[in-house]
Trainee: 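Let me give you the structure first, and then I'll get to my questions.
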Amino acid sequence: MYRFGVCREMRGRVPQIAALNWLSSLSVSRSIHNLPFATIEVEEISGSQPAEVQNLVQGKWTGSTSGETIVDPLNGEPFIQVAEVDETGIQPFVDSLSKCPKHGLHNPFKAPERYLMLGDISNKAAHMLSLPKVSDFFTRLIQRVAPKSYQQALGEVYVTQKFLENFSGDQVRFLARSFAVPGNHLGQQSHGYRWPYGPVAIVTPFNFPLEIPALQLMGALYMGNKPILKVDSKVSIVMEQMIRLLHHCGLPMEDLDFINSDGKTMNKLLLEANPRMTLFTGSSRVADKLAVDLKGRIKLEDAGFDWKILGPDVQEVDYVAWVCDQDAYACSGQKCSAQSIVFMHENWFKSSLISRMKDLAAKRKLEDLTIGPVLTFTTEAMLEHMNKLLQIPGSELLFGGKALENHSIPPIYGALKPTAIYVPLEEILKDGNYELVTREIFGPFQVVTDYKDNQLPRVLEALERMHAHLTAAVVSNDSLFLQEVIGKSVNGTTYAGLRARTTGAPQNHWFGPAGDPRGAGIGTPEAIKLVWSCHREIIYDIGPLPSHWEIPPAT
């Protein structure tokens, strides 16, 4: 008999009747409404029918006396009203977090049935995301607010669904697995436990409106924390709908808060609410400020100027060109894992690789959103950066370098053709140029350079000087070359081999930076335990005392 996971009763029993009732209610609800959790119809969102995004605090959805109007990134039409909270409205959120004790909503000694409950919620949510109508709903909603191709947006939904599958059933409680070490004498044992922080905060960016906040939110909940979630207001409608889906699947309304605000208001809330841990995904500048403000109680997945090295063994040029194009220009380059610079061995530079990359880039078009609006850089800012690079001796424009044409993208956003600039390696390493060349442009923009066999140490020097160490790729099947580069680099998620890429954050491997004690991961059990729990040691020492024990001399 097929059993669908449901929230367990407090005594740990799961009546089959509850599962059947849930499935029945889902079927009935879907026959009456398009989707039982949704409060919007994606295709109907427009200037004449704007969508509304609310806040969630203390178990209730609320509006706000103030708000922000979000414009459609493809045509500039106001189409979403976000109920933003200002600094005078943060107290309910502060009070809500303060109600959560430091030992969390659950831990290995308290309310362990919640581990099971969350496993069952994950099971149901994963099933819902696997339904074509639900998957399509979130895919199209992502496209409306963070324009990318259907396949790229669908990838977010797929990763989220597989993540929830991975942590269904008993997998949540396995995250809290403990260990024991024998003590010095009879009755003494040392036990290590994963312990929640209690009240926590999550701040995530615009570029992955579903995947990043959903995975971090669930990780926080799994380990026993009460999170407050803030997503960039431009895209927060996606996560608002996902939270409603989780409520439909049985998540208690009071288990998390959801706030829309500007950065200044969120900073004030964090200072007043004093969460025990904050997860921040976004720019390095904001990350460093928060690290100081929050006295180090923070985990970061910040900016990535991500590199790719092509080794001396040239093969499968068409495939490598396709991966380079995807790494640099999918999602219009708006991935923290996007290929920012590629170091090509002279053998690759002499091949047809660059011309094939140029051909692939030229096929990207606005009509299918394989290229689209850039939400954090204007066209002028990207072209200005390009022109500064072209002033470096020996630099040249390989392809792109022009604004998109025949579009209605509002000027507050960028619209640039996929662009690649060649800069000589020795020029990159000069002090006057290095900071300029390695500035992250969050758009369809990359730097290309070449190197000879005897210049590999100079390439490794360039890597050593970088500040962000998120993703990287070493494209080679030469094991000695791989050993050399991997052994002398840092990036937390590094692909190695002929099929290596820089982008890709599937649920089956760690995604996150290395080389920084503040670094956060996402997706895997190791990432969840590192970010959302701390170690607690409990030493049991129950005796018995040795026979004829006497008080010893003072020491």
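Position 1 is the first residue of the sequence, and the numbers go up from there.
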Trainee: Is the closest side-chain donor-acceptor distance between Glu427 and Asn433 under 3.5 Å?
Mentor: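 Side-chain D/A pair, Glu427 to Asn433: present.
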Trainee: Tell me every residue that passes side-chain hydrogen bond (donor to acceptor under 3.5 Å, both in side chains) with Lys363, counting only those two or more places apart in sequence or in another chain.
Mentor: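 Residues passing side-chain hydrogen bond (donor to acceptor under 3.5 Å, both in side chains) with Lys363: none at all.
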Trainee: Measure across Arg356 and Ser352 and return the closest heavy-atom pair with its distance rounded to 0.1 Å.
Mentor: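 Where Arg356 meets Ser352 most closely, the heavy atoms are NE-OG, 2.8 Å.
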Trainee: Does the side chain of Tyr434 reach to within under 4.5 Å of the side chain of Arg465, using non-hydrogen atoms?
Mentor: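 Yes, their side chains come closer than 4.5 Å.
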Trainee: Please tabulate, for the side chains in residues 509-517, all donor-acceptor contacts under 3.5 angstrom to protein atoms that are two or more places apart in sequence or on a different chain.
Mentor:
unit_1, atom_1, unit_2, atom_2, d
His509, NE2, Tyr495, OH, 2.7
Trp510, NE1, Gly512, O, 3.3
Asp516, OD1, Arg518, N, 2.9
Asp516, OD1, Arg518, NE, 3.2
Asp516, OD2, Arg518, NE, 3.2
Asp516, OD2, Arg518, NH2, 2.9

Trainee: Would a 4.5 Å heavy-atom cut-off, applied to side chains only, mark Leu217 and Pro227 as touching?
Mentor: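 Leu217 vs Pro227: side chains touch.
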Trainee: Looking at Arg439 and Glu435, does any basic side-chain N land under 4.0 Å from a carboxylate oxygen?
Mentor: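 Salt bridge absent between Arg439 and Glu435.
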Trainee: Just wondering, more than 12 heavy atoms not from Glu426 lying within 6.0 Å of its CD?
Mentor: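 Atom CD in Glu426 is packed in, count exceeds 12.
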Trainee: Compute both the distance and the angle, then confirm whether Lys148 meets the cation-pi test with Phe208: under 6.0 Å from the six-membered ring centre, within 45 degrees of the axis.
Mentor: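 Verdict for Phe208: a cation-pi partner in Lys148.
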Trainee: To the nearest 0.5 Å, how far apart are CD1 in Ile142 and OH in Tyr150?
Mentor: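 One finds 10.0 Å between CD1 of Ile142 and OH of Tyr150.
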Trainee: Would you confirm whether Ser135, through its side chain, and Pro132, through its main-chain N or O, come within 3.5 Å as a donor-acceptor pair?
Mentor: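 Here the side-chain-to-backbone pair does not exist.
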Trainee: My understanding is that only one of Thr493, Asp327, Asp306 makes a side-chain hydrogen bond (donor to acceptor under 3.5 Å, both in side chains) with Thr503; could you say which?
Mentor: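 Single side-chain hydrogen bond (donor to acceptor under 3.5 Å, both in side chains) partner of Thr503 among Thr493, Asp327, Asp306: Asp327.
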Trainee: With Lys234 as the cation and Phe206 as the aromatic partner, state whether NZ or CZ is under 6.0 Å from the six-membered ring centre and within 45° of the axis.
Mentor: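 Positive - Lys234 is close enough to the ring of Phe206 and near enough to its axis.
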Trainee: Does Lys417, at its NZ atom, have more than 12 non-hydrogen atoms belonging to other residues, nucleotides or ligands within less than 6.0 Å?
Mentor: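 Counting other residues, nucleotides and ligands, NZ of Lys417 exceeds 12 neighbours.
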Trainee: Would you say the ring centroid of Tyr222 lies under 6.0 angstrom from that of Phe167?
Mentor: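 Centroid distance Tyr222-Phe167: below 6.0 Å, so yes.
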Trainee: Count the heavy atoms of every other residue, nucleotide or ligand shown that sit under 6.0 Å from CZ of Phe349, and state whether that count exceeds 12.
Mentor: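 More than 12 within 6.0 Å, yes.
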Trainee: Given the ring of Tyr451, does Arg458 sit roughly above its face, with NZ or CZ under 6.0 Å from the centre of the six-membered ring and within 45° of the axis?
Mentor: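 No, cation not above the ring by the 6.0 Å, 45° rule.
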